[in-house]
Amino acid sequence: MSRHAKGRLFLFNLVLLFLVLTFAFPLLAEGPGRAGRWQEINSPNFHIITDSRRSAAVRVAQRLEVFRDLLTRRGYPVQQTSSAPTTIVIFHKAKDMLPYGSLERPEGMRCVGFSLPQPWVHFLVLDGHPPHEDLLDSALRGYMQLVFANDSQHRPLWFRTGMTEYYRTFRLQRDTVRFGEPVEDYLLLLRTTRGLPMESFFAIDETALDEMDPQQRDLYTAQSWGLVHYLFAGSSETKLRAQAFLQALADGATVEKAFARHFETDFAGLEERFHDDLKSRRLAYQEMQDPEFSVRVPVSTATLAPQDLNAELGLLLVLSGPGRTLLAETHFQEALARDPEHKLALTGLALAKDQDGAGVEAERLFRRAIQGDEASYLTPFLYARHLEREWREFRDPGNAPWCEVRELLARSIERRPEFFPAHLALVSSYLEDPQSNTAAAMAAVEQALSLRPRCSELRLGLALLYMQAGNRERAEEQLAELRSPDVHSAARKALARQELVQAREFLVSDARSLTEVGSSSAMAILRTPDAKISHEYPVLLLSPQVGAK
């Protein structure tokens, strides 16, 4: 080849390289929003969006469906009670995950994702770069955080921590599931390090855990796992005692009284049994067979449209805490530029305006979003919540539009009958409206109780309604169904004295008790302070120092 020909070829390659960089670089630099890269994977209870490996996301969806079924049908030993769907966002690059959550973490610990537990929508955000099994571990741990956040019973920190690590070993092979296998790094740590004294171990809460150094935190996590393994993967007698112990704690008993009653030993005795179990050469694990496990979970995949991606990420931003509404609105506006009537984008933008105090603009957007049949269960629910709060805080509470609120909640329930927060909000609207129809209110409570029969606040509400109807006998029957005589004793006494006004005031105004019981309260959705319900900060998923595979 001549010198001139080589020169022309070099010039041609140089121009070609320039054109490739000119047109390709913007696509590479767009980050999460780049077109054509995002996929959506839908299974019966999970919606996954990802720009990472589709095969890995499909595998996560299938495993989580089987895991959810295990918790829902068998309740072992945690019942899956959430009625809201779960959206999982899997980012191919960890840096793309950073703008969507508050990712402050202890020094030296890698953040592999975070969960955003709300009573009415769940987000789980994951780093999709690790190998398949690590991604599944992160998904299982994040999902357990969501389960505990929406559990109708109070669970102590050691149990939540230990059970999350216990289930992290969940594996599915054909028609067999296995979980609770020993985690070798945890075993090594517990066998070579003296554990925390049980009395102080049970007293550790989230605040105390945050103040621990990484080594102490690792030991607490390992000891939580070990204790849960001992209590629930051991003998049937120990398992029954542990379940009774947890129920006593949920009913308000102190650790000391519940422990002495159900274990018939002191803390030192439990420590001795626990360490003897750790010394055994082969620890037990759980294995279950069911032909249904081998049935392929129906999963559909499709390319995610840019407007749908922007709406999902915008909603994630607006829910993850204050200070992100501006970026969230950018996402929503980009979605609406492509589809001016995009229902989720309109709903998310209305929620952002509502949080910024632009109530009139929020109401206008909510009205646009609920037009037609395309809107999800979430839009009428959030709009009903907006109306109730607007009238309570800025207008005349005595003239609140209860009929419209109930119509919106009924639409939400029609579109997702198992959506428990809408049932709770509907009950709340009847209890707070002095002009409401008692028969209709009773029907609403009964419908909610069919979903959560053990909800004490609903039982109290039904007792109140029976008292209003003059049926004291049925009211006392409902009070007898309560799990503990200490639950809302002031309301019980007021009902017994037929002081209906005082009982109603207690049920709808005691913010402290409503906040404590969380999503199980009949009035928690509409009566919990807005800062509590609107800004559930992300809960980090940290790569553990021990136990990592």
A.B. asks: Please examine the side chains of Met97 and Val89, heavy atoms only from C-beta on, and report whether any two atoms are closer than 4.5 Å.
C.D. replies: no
A.B. asks: Counting distance only, does the side-chain N/O of Arg53 pair as donor-acceptor with the main-chain N or O of Gly128 below 3.5 Å?
C.D. replies: yes
A.B. asks: Kindly say whether His275 contributes a backbone atom to a donor-acceptor pair with the side chain of Tyr230 at under 3.5 angstrom?
C.D. replies: no
A.B. asks: Looking only at non-hydrogen atoms, find the nearest pair between Gly226 and Leu190 and report the distance.
C.D. replies: CA-CD1, 4.2 Å
A.B. asks: Restricting to non-hydrogen atoms, name the atom on Met163 and the atom on Phe232 that form the minimum distance, rounded to 0.1 Å.
C.D. replies: CE-CD1, 4.0 Å
A.B. asks: Using the rule given for side-chain contact (heavy atoms from CB on, under 4.5 Å), can you reason through Arg59 versus Arg63, listing the C-alpha separation, both sets of side-chain angles and the distance that settles it, and then say yes or no?
C.D. replies: CA-CA 6 Å; Arg59 192 164 179 261; Arg63 294 299 191 271; 3.8 Å; yes
A.B. asks: Please determine whether side-chain contact (heavy atoms from CB on, under 4.5 Å) holds for the pair Asp185 and Leu189, giving the CA-CA distance in whole Å, both sets of side-chain angles, and the decisive distance to 0.1 Å.
C.D. replies: CA-CA 6 Å; Asp185 289 340; Leu189 180 62; over 6 Å; no
A.B. asks: Taking side chain to side chain donor-acceptor pair (under 3.5 Å) as the definition, give me every residue that meets it alongside His47, ordered by chain and number, with sequence neighbours left out.
C.D. replies: Asn42, Glu312
A.B. asks: In Å and rounded to the nearest 0.5 Å, what is the CG to CG distance from Leu309 to Asp51?
C.D. replies: 8.5 Å
A.B. asks: Quick one: list whatever passes side-chain contact (heavy atoms from CB on, under 4.5 Å) with Pro298, sequence neighbours left out.
C.D. replies: Pro44
A.B. asks: Using the rule given for side chain to side chain donor-acceptor pair (under 3.5 Å), can you reason through Asp127 versus His92, listing the C-alpha separation, both sets of side-chain angles and the distance that settles it, and then say yes or no?
C.D. replies: CA-CA 6 Å; Asp127 173 8; His92 180 63; over 6 Å; no
A.B. asks: Around Glu329, counting heavy atoms of other residues, nucleotides and ligands shown, do more than 12 lie under 6.0 Å from its CD?
C.D. replies: yes
A.B. asks: With distance as the sole criterion, is a donor-acceptor pair present between the side chains of Thr379 and Thr347 under 3.5 Å?
C.D. replies: yes
A.B. asks: Give, for atom CG of Leu378 and atom CG of Leu351, the distance between the pair rounded to the nearest 0.5 Å.
C.D. replies: 8.0 Å
A.B. asks: Any heavy-atom pair between the side chains of Phe381 and Arg411 that's under 4.5 Å?
C.D. replies: no
A.B. asks: For residues Arg324 and Pro99, report the shortest heavy-atom separation together with the two atoms involved.
C.D. replies: NE-O, 3.6 Å
A.B. asks: So does Glu271 pair up with Arg273, basic N to acidic O under 4.0 Å?
C.D. replies: no
A.B. asks: Which heavy atom in Pro417 sits nearest to a heavy atom in Leu451, and how many Å separate them?
C.D. replies: O-CD1, 4.0 Å
A.B. asks: Could you state the interatomic distance from CZ (Arg241) to OG (Ser236), rounded to the nearest 0.5 Å?
C.D. replies: 12.5 Å
A.B. asks: Can Phe179 and Glu287 be said to form a side-chain contact (heavy atoms from CB on, under 4.5 Å), step by step?
C.D. replies: CA-CA 7 Å; Phe179 52 91; Glu287 188 172 272; over 6 Å; no
A.B. asks: If you apply the rule side-chain contact (heavy atoms from CB on, under 4.5 Å), what do you find for Leu316 with Val125, and how did you get there?
C.D. replies: CA-CA 9 Å; Leu316 172 60; Val125 181; 3.7 Å; yes
A.B. asks: Which pair of non-hydrogen atoms, one from Ile41 and one from Ala57, has the smallest distance, and what is that distance?
C.D. replies: CD1-CB, 3.7 Å
A.B. asks: Judged by atom type as modelled, is there a donor-acceptor pair below 3.5 Å linking the side chain of Ser412 to the main-chain atoms of Tyr377?
C.D. replies: yes
A.B. asks: Looking at side-chain heavy atoms only, is the closest gap between Ile413 and His423 below 4.5 Å?
C.D. replies: yes
A.B. asks: Can you tell me how far CD of Gln447 sits from CG of Leu426, rounded to the nearest 0.5 angstrom?
C.D. replies: 7.5 Å
A.B. asks: Given the side-chain rings of Tyr100 and Phe91, with only the six-membered ring counted for Trp, is the space between their centroids under 6.0 Å?
C.D. replies: yes
A.B. asks: Do Glu181 and Arg171 sit within salt-bridge range, that is, some charged N less than 4.0 Å from a carboxylate O?
C.D. replies: no
A.B. asks: Could you tell me how the ring of Phe202 sits relative to the ring of Phe259: parallel (under 30°), tilted (30 to 60°) or perpendicular (over 60°)?
C.D. replies: tilted
A.B. asks: State whether the side chain of Glu40 and the backbone N or O of Thr301 hold a donor-acceptor pair below 3.5 Å, judged by distance alone.
C.D. replies: no
A.B. asks: Ring centroid separation for Tyr166 and Trp225, is it under 6.0 angstrom?
C.D. replies: no
A.B. asks: With Phe201 as reference, evaluate Tyr220, Phe159, Phe274 under the ring-ring contact (aromatic ring centres under 6.0 Å, His included) test and give the passing residue.
C.D. replies: Tyr220
A.B. asks: Are side-chain N/O atoms of Ser115 and Gln145 paired as donor and acceptor at under 3.5 Å?
C.D. replies: yes
A.B. asks: Say you draw a straight line from CG of Leu270 to CZ of Phe245; how long is it, rounded to the nearest 0.5 Å?
C.D. replies: 8.5 Å
A.B. asks: Testing the basics here: between Val183 and Thr169, what is the closest heavy-atom pair and its distance to 0.1 Å?
C.D. replies: CG2-CG2, 3.9 Å
A.B. asks: For Arg54, check salt bridge (Lys or Arg N to Asp or Glu O under 4.0 Å) against everything at least two apart and list the hits.
C.D. replies: none
A.B. asks: Ser200 side chain to Leu196 main-chain N or O, any donor-acceptor pair under 3.5 Å?
C.D. replies: no
A.B. asks: Please examine the side chains of Leu304 and Thr50, heavy atoms only from C-beta on, and report whether any two atoms are closer than 4.5 Å.
C.D. replies: no
A.B. asks: Can we say Arg160 and Glu206 salt-bridge, meaning some charged N sits less than 4.0 Å from an Asp/Glu carboxylate O?
C.D. replies: yes
A.B. asks: For Arg338, is there an ion pair with Glu334 - N to carboxylate O distance below 4.0 angstrom?
C.D. replies: no
A.B. asks: Between Tyr143 and Phe46, is the gap from one ring center to the other below 6.0 Å?
C.D. replies: yes
A.B. asks: Does Glu414, at its CD atom, have more than 12 non-hydrogen atoms belonging to other residues, nucleotides or ligands within less than 6.0 Å?
C.D. replies: no
A.B. asks: Would you say the side-chain atoms of Thr330 pair up with the backbone N or O of Leu326, donor to acceptor, closer than 3.5 Å?
C.D. replies: yes
A.B. asks: Does the side chain of Asp354 reach to within under 4.5 Å of the side chain of Leu382, using non-hydrogen atoms?
C.D. replies: no
A.B. asks: So do the side chains of Thr303 and Gln39 get within less than 4.5 Å of each other, counting heavy atoms only?
C.D. replies: yes
A.B. asks: Say you draw a straight line from OG1 of Thr161 to CG of Leu227; how long is it, rounded to the nearest 0.5 Å?
C.D. replies: 11.5 Å
A.B. asks: Are the side chain of Arg191 and the backbone of Leu278 linked by a donor-acceptor contact shorter than 3.5 Å?
C.D. replies: yes
A.B. asks: Quick one about His229 and Asp277 (side-chain donor to acceptor, distance below 3.5 Å, no hydrogens or angles considered), yes or no?
C.D. replies: no
A.B. asks: Is the shortest heavy-atom distance from the side chain of Val58 to the side chain of Gln62 under 4.5 Å?
C.D. replies: yes
A.B. asks: Side chains of Asp218 and Tyr186: does their closest heavy-atom pair fall under 4.5 Å?
C.D. replies: no
